[in-house]
Amino acid sequence: TGLITLDDGYGNTGSCESAITFIDGEKGILRYRGVPIEDLAARSSFIETAELLIFGSLPDKEQRDEFRDLLTENSSLHRDMRKHFDGFPVNAHPMSILSSMINALQSYEPHQEFDDEAGFRRAAASLLAKTRTIAAASYKSHLGQPVTYPRYDLPYAENFLHMMFSVPYRDYEATPEVAHALNMFLVLHGDHEQNCSTSTVRMVASSQANLFASVSAGVNALWGRLHGGANMAVIEMLERINEGDLTAAEYVAKVKDKSSDVKLMGFGHRVYRNFDPRAKILKEAADSLLDSMHVTDPLLDIAREVEQIALADDYFTSRRLYPNVDFYSGIILRAIGIPKDMFTVLFGIGRTPGWIAHWKEVHDNPGQRIYRPRQIYTGEPLSEWVPQGERP
Ligand code: CMC
């Protein structure tokens with residue numbers, strides 16, 4: 001093992017070559033296939049962005065229409081898949097439902113062949129459409145309400161809100177501001193190169209596992225609080241401060257006290273060292289969404305206060321810790337009416353195009369080697385096998 005160097009957390013390892021997403025962490029630049037995130041967030045729909053990520057270029061009208069039809073055709077779950085929802089306890093976390101159901105999709109869609117372009121387009125559309133349907137259905141089962149079926153005339157974000165919030169005889173109609181905010185949230189989560197969940201998808205894909213199995217593994221990686229679970233953890237942190245448990249300043253002081261093991265959730269990033277461009281966009285979007293809805297949220301004021309305290313503190317500036325994508329996104333989801341245990345699912349819906357694009361890159365790479373990192377062994381060099389009665 002003399003030749004192997006330890007790179008804790010892969011902070012310095014280029015694990016693959018990829019043409020999908022570019023990040024410059026010093027300058028706060030993020031581009032999907034070369035297109036700046038700011039332009040996509042302001043002007044692109046989530047599905048157009050997904051096509052850019054997955055297929056490599058912005059779609060022309062014909063490609064866009066064809067993909068829309070594929071999404072529509074594939075948006076409903078196989079009737080027997082609904083039985084799975086009954087198998088989960090009512091308070092099951094929607095992330096566990098999402099990953100299990102995505103994994104199960106392969107059994108219901110064994111005909112999916114990925115080897116030709118048309119087959120892959122169908123599988124990609126099916127996964128994008130069904131992730132949304134599964135997410136909304138898991139919420140409905142949690143409430144004990146009947147599942148709302150997708151509508152065929154609505155764009156992606158509006159259709160998700162329809163499936164989440166419509167009840168029998170009362171269809172939910174999203175305002176343009178709400179639909180725009182959710183669409184932007186999804187675009188901003190589309191891809192982020194070799195983050196934990198995407199690297200997981202590539203790792204699983206490298207053994208030639210199928211698309212659904214690989215993406216299901218990505219959902220599980222996303223669930224943790226240091227990754228996608230951070231958006232829910234941020235709201236819980238802000239709620240704690242709001243409930244008067246601790247002031248914002250006391251919370252920050254606790255974070256700085258290393259013995260407490262408390263982190264400032266929604267702060268810090270492995271790659272961004274000056275600012276996260278997604279956080280900047282989301283902060284403004286949270287402001288304008290709340291304005292347009294004529295609502296105030298005490299948690300937004302607390303978030304601003306926490307940010308201000310942290311950015312004036314040497315602990316954070318010397319470590320180059322700034323708000324990340326998860327810091328303000330929960331305020332937007334809350335304003336839309338999405339409960340906090342669905343936040344990470346929303347991140348997962350947004351990240352699905354990236355996972356699909358990375359799966360495809362691995363799948364299409366001729367001679368792709370299986371991912372297989374090495375380790376530095378720290379155990380006993382040699383131990384003796386001792387009979388049970390003589391063990392210490
Ligand atoms: N609060 C307090 N201290 C922090 C934080 C934080 N949020 N983030 C990093 N640090 C400290 C860390 O303790 C270390 O201090 P020291 O040098 O004294 O040991 C120093 O800053 C360097 O951090 P690191 O642990 O090397 O950072 P990392 O690149 O391994 O971890 C991170 C990145 C995002 C996991 C981490 O910053 C973190 O835990 N943040 C809070 C959770 C969070 O918001 N996650 C969402 C990330 S963005 C979207 C996504 O990927 O899902």
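Counting starts at 1 for both ligands and their atoms, in listed order. Side chains included, hydrogens not; waters and symmetry mates left out as well; all remaining heavy atoms used. From a predicted model like this one, the values you see are computed outputs, not experimental measurements.
Considering backbone and side-chain N/O of V255, none are found under 3.5 Å from N/O of ligand 1. For a threshold of 3.5 Å applied to N or O pairs, the pair formed by V262 and ligand 1 contains no separation below that value. Close N/O approach between R278 and ligand 1 is not found [any backbone or side-chain N/O within under 3.5 Å].
Atom CD of Q145 sits in a crowded spot, with more than 12 heavy atoms from other residues, nucleotides or ligands closer than 6.0 Å. Residue Q308 qualifies as open at atom CD: its count of foreign heavy atoms under 6.0 Å is 12 or below. The 12-atom threshold is exceeded at CG of D257, counting heavy atoms of other residues, nucleotides or ligands nearer than 6.0 Å. In the displayed structure, K140 atom NZ is contacted under 6.0 Å by more than 12 heavy atoms of other residues, nucleotides or ligands.
The distance from ligand 1 to the heavy atoms of G268 drops below 4.0 Å at these ligand atoms: 34 (C), 37 (O). Counting the atoms of ligand 1 from 1 in the order shown, those under 4.0 Å from a heavy atom of A230 are 43 (C), 44 (O), 45 (N), 46 (C). Contact atoms of ligand 1 toward K258: 12 (C), 13 (O), 14 (C), 15 (O), 16 (P), 18 (O), 19 (O) (distance under 4.0 Å to a heavy atom of the residue). Within ligand 1, the atoms closer than 4.0 Å to a non-hydrogen atom of G266 are 43 (C), 44 (O), numbered from 1 in the order shown. Atoms of ligand 1 lying under 4.0 Å from at least one heavy atom of F347, given by number and element, are 52 (O). Atom numbering of ligand 1 starts at 1 in the shown order; those under 4.0 Å from a heavy atom of G228 are 52 (O). Close approach to H269 involves these atoms of ligand 1, each under 4.0 Å from a residue heavy atom: 37 (O), 48 (S). Atoms of ligand 1 lying under 4.0 Å from any heavy atom of R270, numbered from 1 in the order shown and given with element: 28 (P), 29 (O), 30 (O), 33 (C).
Note on ligand 1: N195 sits outside its first shell, no heavy atom being nearer than 4.0 Å. Not a single heavy atom of H192 sits less than 4.0 Å from an atom of ligand 1.
Ring centroid separation for the pair H84 and Y108 comes in under the 6.0 Å cut-off.
The residues E117 and K360 are annotated as salt-bridged, a charged nitrogen and a carboxylate oxygen being separated by less than 4.0 angstrom. Note on D86 versus K83: no salt bridge recorded, every NZ/NE/NH1/NH2 to OD/OE distance being 4.0 Å or above.
Counting heavy atoms only, D326 comes closest to atom 49 (C) of ligand 1 of the residues D326, D8, D276.
Residue contacts with ligand 1, taken as heavy atom pairs separated by less than 4.0 Å, involve R319 solely via side-chain atoms from C-beta onward. Here F327 has no heavy atoms under 4.0 Å from ligand 1, in either its backbone or its side chain. Counting heavy atoms under 4.0 Å from ligand 1, residue V234 does not touch it at all.
Under a cutoff of 6.0 Å and an axis angle of 45°, R391 and W385 form a cation-pi pair. A cation-pi geometry, defined here as NZ or CZ lying under 6.0 Å from the six-membered ring centre and within 45° of its normal, holds between R121 and F55.
For E173, there are no side-chain hydrogen bond (donor to acceptor under 3.5 Å, both in side chains) partners, not counting sequence neighbours.
Within a 4.0 Å radius of atom 31 (O) of ligand 1, the protein contributes no heavy atom. Put simply, atom 38 (C) of ligand 1 has protein non-hydrogen atoms near it, under 4.0 Å away. For atom 28 (P) of ligand 1, the nearest protein heavy atom lies closer than 4.0 Å.
Pairs engaging residues 252-290 under the ring pair (Phe, Tyr, Trp, His ring centres under 6.0 Å) rule: H192-H269, H192-Y272, F267-F316, F267-F327, H269-Y272 [sequence neighbours left out].
Side chain of S206 to main chain of Y371: a donor-acceptor pair is present (N/O by atom type, distance under 3.5 Å, no hydrogens or angles).
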